[in-house]
> 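This is the structure I want to talk about, given as structure tokens.
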Amino acid sequence: MKSIGCYIHIPFCESICSYCDFCKNFYNEKQVDAYLKELEREIEDSYSKLPIDTLYIGGGTPSSLNIKQLEKLFEIINKKLDLSILKEFTIECNFENTTIEKINLFKKAGINRISFGLESINGDILKILERDANKENITKLINYCNQIGINNVNIDLMYAIPNETLKILEDDLDFILSLNINHISTYSLILEDHTKLKINNIKYIDEELDAKMYELICSKLENWDHYEISNFAKHKSYRSNHNLKYWHNEEYYGFGLGSSGYEGNIRYTKTKSLSKYLSGDYINKDSIEYLSPKDKIYYDIILNLRTKEGIDLEKFSKIYKKNLKDYYDYTDLVKNNLLIEKDNHLSIKEDLWYISNSIIIRFLEGEVTNE
Ligand code: SF4
């Protein structure tokens with residue numbers, strides 16, 4: 001039977017970071033209680049009952065919920081969703097509001113992967129990001145996760161932050177590598193509209209330094225499985241199965257405020273207005289994208305080319321009944337070593353990932369129009 005991924009959004013945070021443009025609101029106990037009620041209703045209304053194999057609770061900050069609210073959240077999940085074949089269950093947490101009691105509850109609820117937002121451990125950088133971090137607390141919480149058997153732990157690291165130097169990034173990496181974790185997600189800072197950093201007219205760091213930072217991350221993690229442009233697993237078995245669904249252009253439900261989903265031929269994003277959501281109006285009709293086979297192929301290309309294995313050409317021709325070459329002429333890209341065609345897979349070489357966007361643009365320009 002067909003299975004599917006599932007993303008649930010918890011849009012509450014205790015404090016707001018200066019760079020954040022995610023869908024979030026300040027934590028408010030009553031609002032969270034009302035939100036969980038609505039979430040239950042939304043799932044009842046829109047869940048099409050497919051068994052879920054990867055479940056990801058993201059935010060916002062899911063760990064900002066109190067114990068009672070987390071219990072309620074897990075009760076909803078267990079009552080309303082078919083988890084009979086669930087293999088990966090992730091929750092996003094912030095170190096500042098994660099406690100031993102909450103980790104125990106996660107374990108009891110079946111969570112087997114925790115993704116912690118850290119971003120940096122450097123005091124000056126944390127000030128710019130308007131975040132907090134405490135080395136002792138981080139080490140204690142991660143050790144505890146491992147002690148009770150949640151040994152699949154990710155850390156998010158941000159780089160290319162104003163005033164950041166290669167030395168600061170290297171210290172961040174050294175600290176992260178000293179922890180008992182097996183997955184690292186890295187992000188270069190993006191100055192999104194309406195964020196505090198953008199409003200304060202903060203500028204991007206020099207492009208050359210940005211490239212050097214990416215290079216430093218790749219070389220520090222050279223023994224790790226660099227399986228996607230920004231993601232590293234200590235071993236292949238610790239890759240994020242849920243996120244791989246996104247990059248493999250596979251289907252997933254999206255539940256909760258501002259969540260995105262992909263079901264059948266439809267991609268959608270739920271409303272980002274908390275008041276609308278709390279009044280039961282969670283569908284955002286304007287966001288619905290009906291996909292033609294051509295659109296699906298487009299997503300297949302731009303998403304799969306982010307990964308180490310790239311596009312599975314055999315799988316592609318099975319799905320679309322034609323070869324990828326019949327849709328796009330990428331001969332020159334292969335000839336010029338910008339793409340590698342090997343073992344029925346088409347991928348971008350790891351040392352060119354930094355310029356992958358420009359390679360993907362050139363790939364799309366090779367569309368065969370006289371089909
Ligand atoms: S904790 Fe995450 S979601 Fe919340 S404000 Fe910071 S970056 Fe945004």
Side-chain angles (χ1 to χ4, degrees), residues 7-29 31-32 35-36 39 56-66 69-70 73 90-99 102-103 106 111 113-135 137-138 141-142 153-164 169 172 176 181 183-200 202 204 230-231 240 242-243 246 254-260 269-274 277-278:
Y7 175 83
I8 296 178
H9 194 70
I10 302 296
F12 299 99
C13 296
E14 283 176 331
S15 59
I16 303 295
C17 310
S18 60
Y19 58 90
C20 179
D21 87 322
F22 299 132
C23 181
K24 82 282 170 190
N25 298 269
F26 271 113
Y27 176 88
N28 168 301
E29 192 173 354
Q31 244 173 15
V32 174
Y35 182 79
L36 292 173
L39 179 70
Y56 194 107
I57 304 176
T61 314
S63 57
S64 66
L65 271 52
N66 64 35
Q69 292 166 333
L70 286 167
L73 174 65
T90 306
I91 190 162
E92 276 181 359
C93 292
N94 265 11
F95 287 109
E96 291 68 52
N97 49 31
T98 301
T99 59
K102 288 183 188 176
I103 295 175
F106 298 159
I111 283 172
R113 187 172 185 274
I114 298 185
S115 178
F116 284 106
L118 172 65
E119 317 315 342
S120 176
I121 196 69
N122 180 282
D124 295 333
I125 297 296
L126 287 167
K127 243 185 233 159
I128 295 173
L129 301 179
E130 299 191 19
R131 292 183 62 97
D132 258 336
N134 172 300
K135 280 188 179 179
N137 185 42
I138 293 167
L141 291 173
I142 290 180
V153 176
N154 169 64
I155 294 264
D156 284 345
L157 165 74
M158 187 176 275
Y159 65 97
I161 298 154
N163 298 341
E164 189 176 12
L169 177 61
D172 278 352
I176 290 173
I181 56 156
H183 195 283
I184 302 173
S185 296
T186 65
Y187 305 91
S188 152
L189 173 72
I190 295 177
L191 295 166
E192 305 277 8
D193 285 343
H194 312 300
T195 60
K196 212 165 170 185
L197 288 184
K198 182 80 180 204
I199 291 164
N200 289 342
I202 298 295
Y204 280 111
S230 309
N231 284 275
S240 162
H242 183 80
N243 290 339
Y246 300 148
F255 297 122
L257 190 75
S259 64
S260 295
T269 301
K270 302 274 169 67
T271 181
K272 293 185 177 172
S273 153
L274 186 59
Y277 187 87
L278 293 181

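Numbering of ligands and ligand atoms starts at 1, following listing order. Values in this document were obtained by computation on a predicted structure and should not be read as measured data.
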> Identify, for atom 7 (S) of ligand 1, the protein heavy atom at the shortest distance, and state residue, atom and that distance.
Y19 OH, 3.4 Å

> Taking 4.0 angstrom as the limit and counting only heavy atoms of F22, give me the atoms of ligand 1 inside it, by number and element.
3 (S), 8 (Fe)

> Will you find, in the side chains of E119 and Y187, an N or O donor that is under 3.5 Å from an N or O acceptor?
no

> Please check: side-chain N/O of H9 versus main-chain N/O of C23, any donor-acceptor pairing under 3.5 Å?
yes

> Has I16 got more than 12 heavy atoms of other residues, nucleotides or ligands less than 6.0 Å from its CD1?
yes

> Is C17 close enough to atom 6 (Fe) of ligand 1 that one of its N, O or S atoms comes in under 2.8 Å?
yes

> Among all protein heavy atoms in this structure, tell me which lies nearest to atom 4 (Fe) of ligand 1, with the distance rounded to 0.1 Å.
C13 SG, 2.3 Å

> With a cutoff of 4.0 Å, is G60 in contact with ligand 1, counting heavy atoms of the residue only?
yes

> Give the atom numbers and elements of ligand 1 that come within less than 4.0 Å of a heavy atom of N94.
1 (S)

> State if S15 counts as touching ligand 1 under the rule of any non-hydrogen atom under 4.0 Å.
yes

> Between S185 and S230, do the side chains contain an N or O donor and an N or O acceptor separated by less than 3.5 Å?
no

> Do we see a donor-acceptor contact under 3.5 Å between the side chains of T195 and D21?
no

> Within the 4.0 Å heavy-atom shell around C20, which atoms of ligand 1 are there?
3 (S), 5 (S), 7 (S), 8 (Fe)

> If you compare all heavy atoms of I125 against all heavy atoms of P162, which two are closest, and at what distance to 0.1 Å?
CD1-O, 3.9 Å

> Who's the nearest protein heavy-atom neighbour of atom 1 (S) of ligand 1, and how far?
T61 OG1, 3.5 Å

> Regarding N97 and S63, do their side chains bring together a donor and an acceptor under 3.5 Å, going by distance alone?
yes

